[in-house]
Amino acid sequence: MDNDEMKRLNFLLEIYVDVNVDKDFSVLSKKTDPFFIVNISGQLIYVNEVCEELLQCSRNDLVKMKLSNLFIPSMLNDTQTFFIDKQREQLLNFDSKISMRPGNIIDVNVTTFPILFNNEVVGSYVVLKDITLIKRERQLLSEKQAAAGQLAAGIAHEIRNPITAIKGFLQLLMGEYKGETTYFEIVESEINRVEMILKELMVLAKPTKIKYQELDLRLLLDKVLTLMESQTLLNDIEVIKNFHALEVMIVGDENQLKQVFINYIKNAIEAMPNGGKVIIEGICLNESAHIRIIDQGSGMPLETLKRINEPFFTTKEHGTGLGMLVSNEIIEEHRGKINIISNTEGTCIEVILPALLTTT
Ligand code: ADP
Ligand code: MG
């Protein structure tokens with residue numbers, strides 16, 4: 001893009017902001033979200049009040065600042081590409097770090113979406129979320145979950161003993177009344193069901209041991225897809241595997257990473273109630289493994305994307321609202337990163353994990 005073109009687009013954005021500033025950018029449903037507007041050259045041209053508070057810097061100082069002065073340099077390469085040159089009407093969500101002054105780093109979750117003027121992308125809204133607080137919430141949540149798990153397991157244990165006794169006497173009775181088995185069979189199968197539920201509850205309390213080891217992501221993804229085969233078949237989902245080029249080893253916990261991909265693929269399936277394609281893509285880029293789970297669902301609106309990592313946030317009737325949060329947590333522990341790209345044609349979840357070495 002040449003200089004004149006950039007100037008023209010920047011001018012259009014200024015007009016857009018002037019026209020819309022009184023409406024308080026009603027496209028943002030909550031005024032309380034800190035946000036700024038950035039132009040094609042990467043310069044901030046509008047900052048709202050809440051954003052001033054978050055960044056502890058006056059609007060006058062912030063406006064005209066470049067993205068490169070705002071985000072910490074090591075994050076910038078990743079970050080910058082998200083604001084500019086992206087397809088229209090696409091929402092993006094990722095975590096980043098802002099540093100206004102040396103030593104003062106704020107962890108933020110960023111959601112961006114393009115500003116269109118006469119059908120041209122002239123800039124981006126950038127909604128920030130301070131996630132230091134959310135991190136604290138997560139800590140609390142995992143403590144709560146642990147407590148609930150212990151309790152459930154304790155109860156399960158208590159119920160299991162009498163159930164075992166009941167089952168034993170039932171079998172004695174069945175031996176005595178050989179002729180009339182139907183009722184006995186019903187009782188027996190129901191008892192078996194109770195036992196199965198109890199077993200699951202007891203798993204809850206077991207602190208799963210985390211074991212880091214060298215992993216081949218291709219094998220891991222294959223195992224995950226095998227696990228999910230019945231679900232994909234049942235939901236009329238075609239899985240397209242495209243990760244043969246993922247020729248890297250990573251270090252991680254197999255079960256935890258499996259859980260991550262199960263969560264994302266489950267969400268992809270649930271996003272397409274009438275069936276469709278799920279593409280699992282894997283490539284090696286810049287000494288990192290990039291795995292993408294792409295669906296053809298109807299995507300997420302801004303309001304959902306902003307809240308996606310909140311505990312218990314769900315838009316589903318029977319959802320738990322924990323899948324995205326737990327996955328995020330696990331990837332963070334693996335020193336990885338998650339980028340979400342969503343529009344009305346579908347969603348792409350990109351997981352980036354540091355690679356160990358190239359297999360030969
Ligand atoms: P749950 O699946 O139990 O609702 P998650 O934490 O896995 O909880 O997801 C939270 C919300 O994020 C979902 O309710 C849904 O609105 C949204 N979401 C996640 N993945 C997708 C996707 N692939 N397509 C559309 N929406 C999604
Ligand atoms: Mg889910």
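Along the sequence shown, the residues carry numbers beginning at 1. Read the numbers this way: they start at 1 and go in the same order the structure lists the ligands and their atoms. These numbers were taken from a predicted model, which means no experiment stands behind them. We use all heavy atoms of the structure for the numbers below, so side chains are in, but hydrogens, waters and symmetry mates are not.
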_When you measure from the side chain of Q296 to the backbone of K277, do you find a donor-acceptor pair of N or O atoms at a distance under 3.5 Å?_
yes

*Does atom CD of E254 have more than 12 heavy-atom neighbours, drawn from other residues, nucleotides or ligands, at distances under 6.0 Å?*
yes

*Should the pair E281-K241 be classified as a salt bridge under the 4.0 Å nitrogen-to-oxygen rule?*
no

_Heavy-atom donor-acceptor pair, T314 side chain to K316 backbone, under 3.5 Å_ = yes

*When rounded to the nearest 0.5 angstrom, what distance separates CG in L217 from CZ in F261?*
6.0 Å

*Quick one: look up the protein heavy atom nearest atom 2 (O) of ligand 1 and list residue, atom name and how far away it is.*
K316 NZ, 2.7 Å

*When you measure from atom 15 (C) of ligand 1 to every protein heavy atom, which one gives the shortest distance, and what is it?*
T315 OG1, 3.4 Å

*When only distance counts, is G321 in polar contact with ligand 1, meaning an N/O pair under 3.5 Å?*
yes

*Out of D295, L325, I265, who gets a non-hydrogen atom closest to atom 23 (N) of ligand 1?*
D295

*Heavy-atom nearest neighbour in the protein, as seen from atom 21 (C) of ligand 1, with distance rounded to 0.1 Å*: M300 CE, 3.8 Å

_Under 3.5 Å donor-acceptor, N343 side chain and E345 backbone_ = yes

*Quick one: do D253 and K211 make a salt bridge, cutoff under 4.0 Å?*
no

*Among protein heavy atoms, which sits nearest to atom 9 (O) of ligand 1, and what does the distance come to when rounded to 0.1 Å?*
M324 CG, 3.5 Å

*Considering only heavy atoms of T304, which atoms of ligand 1 have at least one such atom less than 4.0 Å away?*
16 (O), 17 (C)

_Only heavy atoms of L322, strictly under 4.0 Å: list the atoms of ligand 1 that pass._
6 (O), 8 (O)

*With the side chain counted from C-beta on, respond yes when F117 and I15 share a heavy-atom pair under 4.5 Å apart, and no when they do not.*
yes

*Every N, O or S from the protein that is nearer than 2.8 Å to the Mg ion (ligand 2)*: N267 OD1

*Which residue holds the protein heavy atom closest to atom 3 (O) of ligand 1, what is that atom called, and what is the gap in Å?*
T320 N, 2.7 Å

*side chain to side chain contact (heavy atoms under 4.5 Å, CB included) with K306: which of N109, L91, D33?*
D33

*For ligand 1, which atoms, with element, lie under 4.0 Å from some heavy atom of G323?*
5 (P), 6 (O), 7 (O)

*asked:* Could you check whether Q259 and N263, counting side-chain N and O atoms only, form a donor-acceptor pair closer than 3.5 Å?
replied: yes

*Any nitrogen or oxygen of N267, main chain or side chain, under 3.5 Å from a nitrogen or oxygen of ligand 1?*
yes

*So does K167 pair up with E195, basic N to acidic O under 4.0 Å?*
yes

_CD1-CZ distance between I250 and R335, expressed to the nearest 0.5 angstrom_ = 12.0 Å

*Should N263 be listed as contacting ligand 1, given a heavy-atom distance under 4.0 Å as the test?*
no

_Closest approach of any protein heavy atom to atom 10 (C) of ligand 1, naming residue and atom_ = F313 O, 3.4 Å

*asked:* In terms of relative ring orientation, are Y16 and Y125 parallel, tilted or perpendicular, with 30° and 60° separating the classes?
replied: perpendicular

*Protein residue, atom and distance nearest to atom 12 (O) of ligand 1, heavy-atom basis*: I308 CD1, 3.5 Å

*Going by an N to O cut-off under 4.0 Å, is there a salt bridge joining E188 and R193?*
no

*asked:* Can you confirm, on distance only, whether ligand 1 has an N/O atom lying under 3.5 Å from any N/O atom belonging to A271?
replied: no

*Among all protein non-hydrogen atoms, which one is nearest to atom 4 (O) of ligand 1, and what is the separation to 0.1 Å?*
T314 OG1, 2.5 Å

